[in-house]
There are 2 protein chains.
Amino acid sequence: MTSMKINTPKTRIQRKNTQAILDAALEVFSRQGFRGATLDQIATEAGLSKPNLLYYFPSKEAIHVTLLTQLMTTWLDPLREMDAAGDPTEELLGYMRRKLEMSRDFPRESRLFANEILQGAPRMIGALEGELRDLVEEKSTVIRGWIAAGKIAAMDPHHLLFSIWAMTQHYADFDVQVRAVLGPGHDPLAEAEGFLTTLFTKLLRPE
Amino acid sequence: MTSMKINTPKTRIQRKNTQAILDAALEVFSRQGFRGATLDQIATEAGLSKPNLLYYFPSKEAIHVTLLTQLMTTWLDPLREMDAAGDPTEELLGYMRRKLEMSRDFPRESRLFANEILQGAPRMIGALEGELRDLVEEKSTVIRGWIAAGKIAAMDPHHLLFSIWAMTQHYADFDVQVRAVLGPGHDPLAEAEGFLTTLFTKLLRPE
DNA sequence: TGCTGTTTTGACCAACTGGTCAAGAACACG
DNA sequence: CGTGTTCTTGACCAGTTGGTCAAAACAGCA
């Protein structure tokens, strides 16, 4: 019972390798999906041998689940930050911008999420019907309050949130298509910010 | 040289089985992506044996390419239909509605497309930079004309199209998430039509 | 009915997959 | 240093994968 270091379970080397593995796995899973990804690809990407991967994680699935769990938290943070006491339009536009920043800064996470949902969310359906649903319900109530107060135009809060998700994540998930259509010499995310600000401003404006 | 039936290369049975294979493959590829899908899954889904699949198609990749090629045509049709001579707002709303109908009627095709793009569009990048880009350029010119004529509000035509794609395809690709958030007793696509009609009406309205 | 071309399949293969294991290499620390 | 612990790896395994092939089953037609 002496010196149980439960709160310091990781050595330097463990932290470094665990991180390298998760980073490599994010890269591979986000492109290939769970089934399409192989431990060899992840190991190579991480600069480790395959048995070494399995020294740090018990299975391929464990790596995937770890990524998905981490993702769920950071994914919902921008919505959590939306403040019921703030200016409605600014809060919603701010949320949209934070989501757009995430598409710019964490496109792999966005693709990982998209891949999981496309496959029917086998490892995430619980979180979707739990955490996510609860948070959306909470924020929907806030939005309905703003509508009732005449601060923003009347609309279904669910579909308002869907539209923010769809449009911001599109620039991460469909990046290849966006760039193919625009051709070189464009900064899609920068252009999107202006466009989406206008779009949501018009949508939200009362009357 | 007698009786070269070049224009009737398929017997009844060939047509039936080829179709069953493509249908099964669409189901599997659209969920698992190219790498994640297996010939066994496709064969089982199609009610055929694996060697029998390979009697009709030379390889897994050939099935995938066939699906992608067919998809590209039907995928672009709704945009092609947009008429430069029609009423601008009605044309754009009509395009949005046709895309939404495709999300309702062909969700597997939508997911197949999404999967391909997520993976970096390895087998489609040519079509994106060719056909798609050309069509978008053509329609962008039309939209710019409508803007110049004061028929709709000023905005970047590219991002307008992106926003239509993002919001309509979201209801097919993220169907699981949408339903998890809304809970039972909803018809997401029906609700979306009303929401998106309002959204795009406000966005397009001049002034 | 028998014949010819089409369709179907069981058996098979080499490459790949996720995962194991025992033994060795590197490390921390007294 | 020595020694116990942590870390790494080559060799290996059973199951899966895309794909082949020869032979069998079948369809259509004379």
Side-chain angles (χ1 to χ4, degrees), chain A residues 2-29 31-68 115 119 122-123, chain B residues 2-29 31-68 115 119 122-123:
Chain A
T2 54
S3 77
M4 276 179 65
K5 299 209 254 173
I6 285 183
N7 291 326
T8 318
K10 304 220 177 211
T11 69
R12 261 147 250 118
I13 213 164
Q14 273 174 350
R15 245 190 303 273
K16 192 195 70 174
N17 282 344
T18 309
Q19 197 46 51
I21 292 169
L22 288 175
D23 197 65
L26 176 58
E27 185 69 35
V28 178
F29 280 137
R31 284 286 183 201
Q32 311 279 2
F34 179 74
R35 288 221 36 172
T38 73
L39 288 180
D40 277 305
Q41 290 175 78
I42 297 173
T44 302
E45 181 88 20
L48 298 173
S49 68
K50 186 170 60 167
N52 208 3
L53 275 201
L54 294 162
Y55 172 75
Y56 290 101
F57 290 88
S59 68
K60 181 185 178 185
E61 182 155 13
I63 304 177
H64 197 238
V65 168
T66 302
L67 283 175
L68 249 31
N115 248 311
Q119 276 153 45
R123 289 161 241 275
Chain B
T2 54
S3 77
M4 276 180 64
K5 299 211 255 174
I6 285 185
N7 291 326
T8 318
K10 305 221 176 211
T11 69
R12 261 146 251 119
I13 214 165
Q14 273 173 349
R15 245 191 303 273
K16 192 195 68 173
N17 282 343
T18 307
Q19 196 46 52
I21 292 169
L22 288 175
D23 197 65
L26 177 58
E27 185 69 34
V28 178
F29 281 137
R31 284 286 183 201
Q32 312 280 1
F34 180 73
R35 288 222 37 171
T38 73
L39 288 179
D40 277 304
Q41 289 176 79
I42 298 172
T44 302
E45 181 88 19
L48 299 173
S49 67
K50 188 170 60 168
N52 208 1
L53 277 201
L54 293 162
Y55 172 74
Y56 290 101
F57 290 88
S59 69
K60 182 185 178 184
E61 182 154 14
I63 302 176
H64 197 238
V65 168
T66 302
L67 282 175
L68 250 30
N115 249 310
Q119 277 153 43
R123 290 162 239 274

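Below, read A as the first sequence line, B as the second, and so on, with proteins coming before strands; counting in each chain starts at 1.
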Legend entry - B:K60 side chain vs B:A37 backbone, donor-acceptor pair below 3.5 Å: yes
Inset, instruction - Have a look at B:A37 and say if it touches a base, only the backbone sugar-phosphate, or nothing, with a 4.0 Å heavy-atom cut-off. - result: sugar-phosphate
Restricting both atoms to N or O, compile the protein contacts to nucleotides 22-28 of chain C shorter than 3.5 Å, with distance only.
none

Legend entry - Qualifying residues under side-chain contact (heavy atoms from CB on, under 4.5 Å), relative to A:P58, sequence neighbours excluded: A:A62
Inset, instruction - Name every residue in residues 48-57 of chain A that has at least one heavy atom under 4.0 Å from any atom of DNA chain D, in order of residue number, or write none if there are no such residues. - result: A:S49, A:P51, A:N52, A:Y55, A:Y56
Inset, instruction - Give me the first and last nucleotide of DNA chain D, going 5' to 3', that has any atom under 4.0 Å from a heavy atom of chain B. - result: D:dT17 to D:dC21
Inset, instruction - State whether A:R35 places a side-chain N or O below 4.0 Å from either non-bridging phosphate oxygen (OP1 or OP2) of C:dG18. - result: no
Inset, instruction - Not counting sequence neighbours, which residues clear side chain to side chain donor-acceptor pair (under 3.5 Å) with A:Q32? List them please. - result: none
Inset, instruction - Under the side chain to side chain donor-acceptor pair (under 3.5 Å) rule, collect the residues that match up with B:E61, sequence neighbours excluded. - result: B:R123
Legend entry - Partners meeting ring-ring contact (aromatic ring centres under 6.0 Å, His included) with B:F34 (sequence neighbours left out): B:F29, B:H64
Inset, instruction - Report the C-alpha separation of B:Q19 and B:Q14 in whole Å, then their side-chain angles, then the decisive distance to 0.1 Å, and conclude whether the side-chain contact (heavy atoms from CB on, under 4.5 Å) test is met. - result: CA-CA 8 Å; B:Q19 196 46 52; B:Q14 273 173 349; over 6 Å; no
Side-chain donor-acceptor distances from residues 44-57 of chain B under 3.5 Å, at least two apart:
{"from": "B:T44", "atom 1": "OG1", "to": "B:D40", "atom 2": "O", "distance (Å)": "2.9"}
{"from": "B:S49", "atom 1": "OG", "to": "B:N52", "atom 2": "N", "distance (Å)": "3.4"}
{"from": "B:Y56", "atom 1": "OH", "to": "B:N17", "atom 2": "ND2", "distance (Å)": "2.9"}

